[in-house]
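Just so we're clear, the structure is a prediction, and the values are computed from it rather than from any experiment.
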Amino acid sequence: MNIPESWLRSFCDPKLSGRALSDRLTMSGLEVEQYEPVGPPFSGVVVGEVLSVEKHPNADKLTVCSVKAGRETLQVVCGAPNVRAGMKAPLALVGAKLPGLEIKSTELRGVRSEGMLCSARELGLSSDHSGLLEMEGRTGSDARAALGLDDHILTLKLTPNRADCLSVLGVAREVSALTGTKLKPVEIKPVAASSKAKHPVKLAAPEGCGRFAGRVIRGVNARAPTPAWMRERLERSGQRSISALVDITNYVMLELGRPLHVYDLDKLRGPIVVRWGRKGEKVLLLNEQEVEVDESVLCITDDSGVIGLGGIMGGESTKADEGTQNVFLESAFFWPDAIQGRARRYNFSSDASHRFERGVDFNNNLDGIERATRLVLEICGGEPGPAVDTVARLPKRKPVEMRVARAQKVIGMPVPAKDIAVVFDRLQFRASFRRDSFTVEPPSYRFDISIEEDLIEEVARVYGFECIAAHPPRVAATMLKTEEGRRSLHTLRERLAAADYREVITFSFVEPAWEVDFAGEANPIRLLNPIISQQSVMRTTLLGSLVDVVRKNHKRQLPRVRVFEVGRAYLRDPGAQDGPLSVGGLRQPLRIAAAAYGPALGEQWDAPPRAVDFYDVKADLEAMIAPLEARFEPAQHPAFHPGRCAEVRVGGQKIGWIGELHPQWQQKYELPQAPVLFELDAGPLQDVPLPRPDVPSDQPIVLRDISMLFGLDAPVQAIFDALEAEKPPIVRSVTLLSVFRGAGVPADRKSLAFRVVMQDTERTLTDAEADVARDKLVALLGRKFSATLRT
């Protein structure tokens with residue numbers, strides 16, 4: 001809402017600068033978004049009076065004007081079509097500085113010009129340059145002062161609960177309360193009736209319209225111009241000047257917060273009846289929009305039907321126009337519940353609906369009528385009839401009690417009761433004090449005062465939020481217990497991120513086809529009301545979501561994708577007990593899954609490019625779960641390649657799967673290369689063994705390499721298990737160096753080469769001791785796997 005500072009100060013003029021006043025309002029909860037001057041800065045412009053106008057000797061569209069600028073008369077060349085002798089307009093003297101322009105003495109087509117007569121655009125006031133800006137004022141006086149351009153506009157950003165501040169009077173009340181400056185509201189005296197003319201009004205819906213005041217004024221001059229002072233205030237408040245009668249109603253609304261409406265009395269057919277609409281009824285509104293009403297819309301009607309929407313907008317059929325001679329002024333109170341949402345239903349808003357749906361003072365109906373009547377008589381003339389006030393049902397404001405001790409506790413400082421009493425007095429709240437509590441009667445214009453906390457807020461903001469001491473919270477710092485045997489999921493996330501994976505978050509709702517393809521689940525948990533038809537089931541695996549992420553990134557031409565997700569799967573389990581991860585026969589295990597697609601390494605120059613494979617992702621998995629050790633056993637899974645899939649076990653417990661995407665799904669989901677994925681239960685990965693100290697040996701190590709022939713079906717993991725179980729004490733580790741099948745190796749055999757690291761903690765090993773240990777390992781492998789040394 002825009003409020004001219006000069007208009008505001010005519011109601012309450014504190015000894016504060018405009019900027020300081022804006023800050024005070026903002027600190028009290030009425031945010032001033034902008035405090036800007038009415039016009040841009042310019043200097044050297046005076047009120048000039050055109051004495052004579054003569055045709056330019058060398059140009060058809062120019063004139064040579066004699067302009068009086070105080071004591072001197074200047075010759076000015078002008079091209080404005082509306083220039084005429086006797087008019088007054090802004091005159092920029094030589095040396096004047098306008099927005100983007102400095103005036104100099106110059107010749108125009110051979111005629112000297114000692115200045116420039118200005119339009120509104122030259123002064124930066126508007127885009128209108130159709131002619132000179134006509135103005136009033138003493139000749140030679142400063143044009144800024146004459147135009148009132150030293151005024152400023154306060155742009156308020158009001159919260160919905162402060163409808164009382166949607167007027168100059170309402171904001172002035174706030175300024176008076178905040179500064180202690182006396183409020184000087186406009187004096188409103190009843191206008192004596194000069195006729196007995198009345199128009200009947202009936203309130204058939206008192207739950208929608210509780211009060212309706214009106215007055216007939218006959219013999220008005222609807223063509224009378226709106227006074228410049230009123231037009232200026234309206235325009236600076238953001239209102240367009242329309243006609244004198246409409247401008248008066250808008251002016252009273254901005255001044256007092258009282259929406260009014262003016263009817264052409266001769267267009268009314270019978271008495272005005274305020275009732276709920278009837279299905280099928282239509283009305284053409286003032287914004288030229290035809291709307292259909294129903295039983296939930298409050299309507300203003302006469303014998304012809306609906307002539308307006310109550311509290312929202314009047315109708316085209318009864319509007320006052322330039323031919324209007326007799327008018328009927330309306331000043332009604334509409335209940336907020338009857339107005340809220342109705343204008344938005346028809347995709348528009350109005351100043352009246354904006355106010356009524358928040359709450360309008362139900363005690364100033366007659367004040368609005370009397371103020372508007374006085375202005376109509378002064379501007380348009382006419383004979384007023386008596387003001388008729390019809391009251392059906394008004395809000396009952398219940399007293400609100402506020403305990404001083406409670407207010408002090410909520411505010412956070414001991415505000416004395418006498419200071420609270422001063423606050424209520426400044427706010428014009430009728431308050432009584434008894435037994436350490438105030439009982440307050442909310443004014444008719446404050447719909448936001450209904451509970452104790454509302455009064456506490458009023459005390460705090462008027463007393464001054466800046467006066468409340470800032471006490472940072474003090475919390476006793478205690479060291480949290482850290483479980484060494486358990487790590488957080490964040491640790492696992494960090495390890496995958498360090499391995500160049502990016503975390504993604506996807507929906508738990510997935511396509512049914514994903515469940516069949518990637519989990520072999522034909523009966524997942526179905527949603528009763530899915531957000532979209534494709535995402536209609538709860539996922540039992542995270543693999544489908546990751547394949548979809550890979551597919552979308554590939555379509556966007558991203559060649560290398562590394563993603564992971566930590567999320568829940570949703571499984572049917574009739575035997576599941578209710579707990580943190582299960583409820584009602586359903587389990588919701590937390591899982592961690594990852595997918596790798598594209599080149600194994602980013603684009604670089606020192607290694608030949610190759611696609612990511614099973615062993616790259618297996619290494620990332622092992623690095624993530626360390627110090628836990630995983631076993632990988634060949635298995636079958638519906639999502640993975642039958643020969644490139646493994647079951648992942650930790651501590652003998654199956655925790656998940658790893659593998660390359662099945663060729664069938666690779667083709668179906670249009671991927672030129674198969675991504676490698678894994679999915680693990682997150683719970684078992686969080687438990688880790690406590691670290692154990694191990695004293696390193698300072699003795700030299702001894703290396704022995706063994707190359708042996710095994711059967712093709714001998715699993716390497718079983719070989720390592722046997723070596724780990726029966727290796728000699730001096731053997732520190734055994735690692736696989738190579739797997740070979742080809743020339744020199746029988747077709748039914750494979751060659752495995754191992755490196756054996758031996759070390760004693762107290763002495764240097766001899767070659768003989770190392771050879772004995774090596775021979776024991778060879779014998780062990782020969783006995784258990786029928787392996788023979790390769791010659």
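- Atoms CD and CH2, on Gln636 and Trp657 in that order, are 8.0 Å from each other to the nearest 0.5 Å.
- For the residue pair Val612 and Ala596, the shortest heavy atom distance occurs at CG1-O, 3.8 Å.
- In this structure a side-chain-to-backbone donor-acceptor pair under 3.5 Å is missing from Arg749 to Met708.
- A salt bridge links Lys552 with Asp548: the closest approach of a Lys/Arg side-chain nitrogen to an acidic carboxylate oxygen falls below 4.0 angstrom.
- At most 12 heavy atoms of other shown residues, nucleotides or ligands fall within 6.0 angstrom of atom CD in Glu603.
- When every heavy atom of Gln673 is checked against every heavy atom of Ala611, the shortest pair comes out as NE2-CB, 3.5 Å.
- Gln699 contributes atom CD, which lies 15.5 Å from atom CE of Met758 (distance to the nearest 0.5 angstrom).
- A salt bridge does not link Lys654 with Asp681: none of the charged nitrogens is closer than 4.0 Å to a carboxylate oxygen.
- At least one donor-acceptor pair closer than 3.5 Å links the side chain of Arg342 to the backbone N or O of Ser296.
- Two residues are said to be in side-chain contact when any heavy atoms from C-beta on lie closer than 4.5 Å; Leu781 and Phe710 meet this criterion.
- Heavy atoms of other residues, nucleotides or ligands lying less than 6.0 angstrom from CG of Leu703 number more than 12.
- Asp687 places no side-chain N or O within donor-acceptor distance of the main-chain N or O of Pro684, the cut-off being under 3.5 Å.
- Of all heavy-atom pairs between Pro675 and Leu677, the closest is O-CD1, 3.7 Å.
- Ionic pairing of Asp767 and Arg774 is not present here: no N-O contact between side-chain nitrogen and carboxylate oxygen is shorter than 4.0 angstrom.
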Quiz prompt | Leu30 and Cys165: CA distance, side-chain angles, deciding distance, side chain to side chain contact (heavy atoms under 4.5 Å, CB included) verdict | solution = CA-CA 9 Å; Leu30 270 66; Cys165 291; 3.4 Å; yes
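- Annotation: the span from Thr788 atom OG1 to Arg790 atom CZ amounts to 10.5 Å, rounded to 0.5 Å.
- Evaluation of the salt bridge (Lys or Arg N to Asp or Glu O under 4.0 Å) test over residues 488-498, restricted to residues two or more places apart or in two chains, returns Arg493-Glu503.
- More than 12 heavy atoms of other residues, nucleotides or ligands lie within 6.0 Å of CD in Gln717, so this atom counts as buried by the packing criterion.
- With respect to the salt-bridge test (charged N to carboxylate O, under 4.0 angstrom), the residues Asp616 and Arg610 qualify.
- Using a 4.5 Å heavy-atom threshold, the side chains of Gln34 and Ile153 count as separate.
- Aromatic ring pairs are classed by plane angle as parallel below 30°, tilted from 30° to 60° and perpendicular above 60°; the pair Phe507 and Phe509 is parallel.
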Could you go through residues 517-538 and list every donor-acceptor pair under 3.5 Å that involves a side-chain atom there, pairing it with any protein atom two or more places apart or in another chain?
unit_1 : atom_1 : unit_2 : atom_2 : d
Asp517 : OD2    : Lys668 : NZ     : 2.7
Asp517 : OD2    : Tyr669 : OH     : 2.6
Glu521 : OE2    : Asn523 : N      : 3.0

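- Counting heavy atoms from C-beta outward, Ile719 and Phe754 have side chains that approach closer than 4.5 Å.
- Aromatic ring orientation, Phe640 versus His637: tilted (interplanar angle from 30° to 60°).
- Summarising the geometry of Ala639 relative to Leu661, their closest heavy-atom pair is O-CD1, 3.4 Å, with the distance given to 0.1 Å.
- Other residues, nucleotides and ligands place more than 12 heavy atoms under 6.0 Å from the CZ atom of Arg461.
- Residue Arg732 places its CZ atom among more than 12 non-hydrogen atoms of other residues, nucleotides or ligands, all under 6.0 Å distant.
- Counting only distance, with no hydrogens or angles, the side chain of Arg568 and the backbone of Gln588 share a donor-acceptor pair below 3.5 Å.
- Between Asp454 and Asn161 there is no side-chain heavy-atom pair separated by less than 4.5 Å.
- At least one donor-acceptor pair closer than 3.5 Å links the side chain of Lys750 to the backbone N or O of Ala714.
- Between Val291 and Arg345, every side-chain heavy-atom pair lies at or beyond the 4.5 Å cut-off.
- Within the 4.5 Å cutoff, no side-chain heavy atoms of Glu660 are placed close to those of Phe614.
- Taking both residues in full, the closest heavy atoms of Ala595 and Val550 are given as CB-CG2, 4.1 Å, listed atom of the first, atom of the second, then distance.
- The distance from atom CG of Leu680 to atom CG of Leu542, rounded to the nearest 0.5 Å, is 10.5 Å.
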Exercise. Could you go through the side chain to side chain contact (heavy atoms under 4.5 Å, CB included) check for Thr761 and Val695 one step at a time?
Key: CA-CA 9 Å; Thr761 57; Val695 179; over 6 Å; no
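- Between the side chain of Glu679 and the backbone N or O of Ala594, no donor-acceptor pair lies under 3.5 Å.
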Practice problem: Using the side chain to side chain contact (heavy atoms under 4.5 Å, CB included) rule, take Ile312 and Glu357 through it: C-alpha gap first, then chi angles, then the decisive distance, then the call. | Solution: CA-CA 9 Å; Ile312 298 176; Glu357 64 186 5; over 6 Å; no
Exercise. List the steps, then state whether side chain to side chain contact (heavy atoms under 4.5 Å, CB included) holds for Leu492 with Val566.
Key: CA-CA 10 Å; Leu492 301 177; Val566 178; over 6 Å; no
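- Tyr346 places a side-chain N or O within donor-acceptor distance of the main-chain N or O of Glu292, the cut-off being under 3.5 Å.
- For the atom pair CG of Leu158 and CD of Glu33, the computed distance is 9.5 Å after rounding to the nearest 0.5 Å.
- Panel note: side chain Arg560, backbone Pro599; a donor-acceptor pair is recorded below 3.5 Å.
- In terms of modelled atom types and a separation under 3.5 Å, the side chain of Thr540 and the main chain of Leu571 share no donor-acceptor contact.
- Ion pair Glu565/Arg539 flagged as a salt bridge, since at least one NZ, NE, NH1 or NH2 atom sits closer than 4.0 Å to an Asp/Glu carboxylate oxygen.
- Considering CZ of Arg358 and OG of Ser353, their distance stands at 8.5 Å, rounded to 0.5 Å.
- Phe720 and Leu736 get closest at one heavy-atom pair: CZ-N, 3.7 Å.
- Using a 4.5 Å heavy-atom cutoff, the side chains of Ile655 and Arg649 are not in contact.
- Under the 3.5 Å distance criterion, the side-chain polar atoms of Ser697 are matched with a main-chain donor or acceptor of Asp760.
- Salt-bridge annotation for Asp620 and Arg562: absent, with no side-chain N of the basic residue lying under 4.0 Å from a carboxylate O of the acidic one.
- Looking at heavy atoms from C-beta onward, His641 lies in side-chain contact with Pro663 at the 4.5 angstrom threshold.
- Counting heavy-atom neighbours within 6.0 Å of Gln604 CD, excluding the residue itself, gives a total above 12.
- Annotation for Arg487: atom CZ counts as buried by contact number, over 12 foreign heavy atoms lying within 6.0 Å.
- Within a 6.0 Å sphere centred on CD of Gln667, heavy atoms belonging to other residues, nucleotides or ligands number 12 at most.
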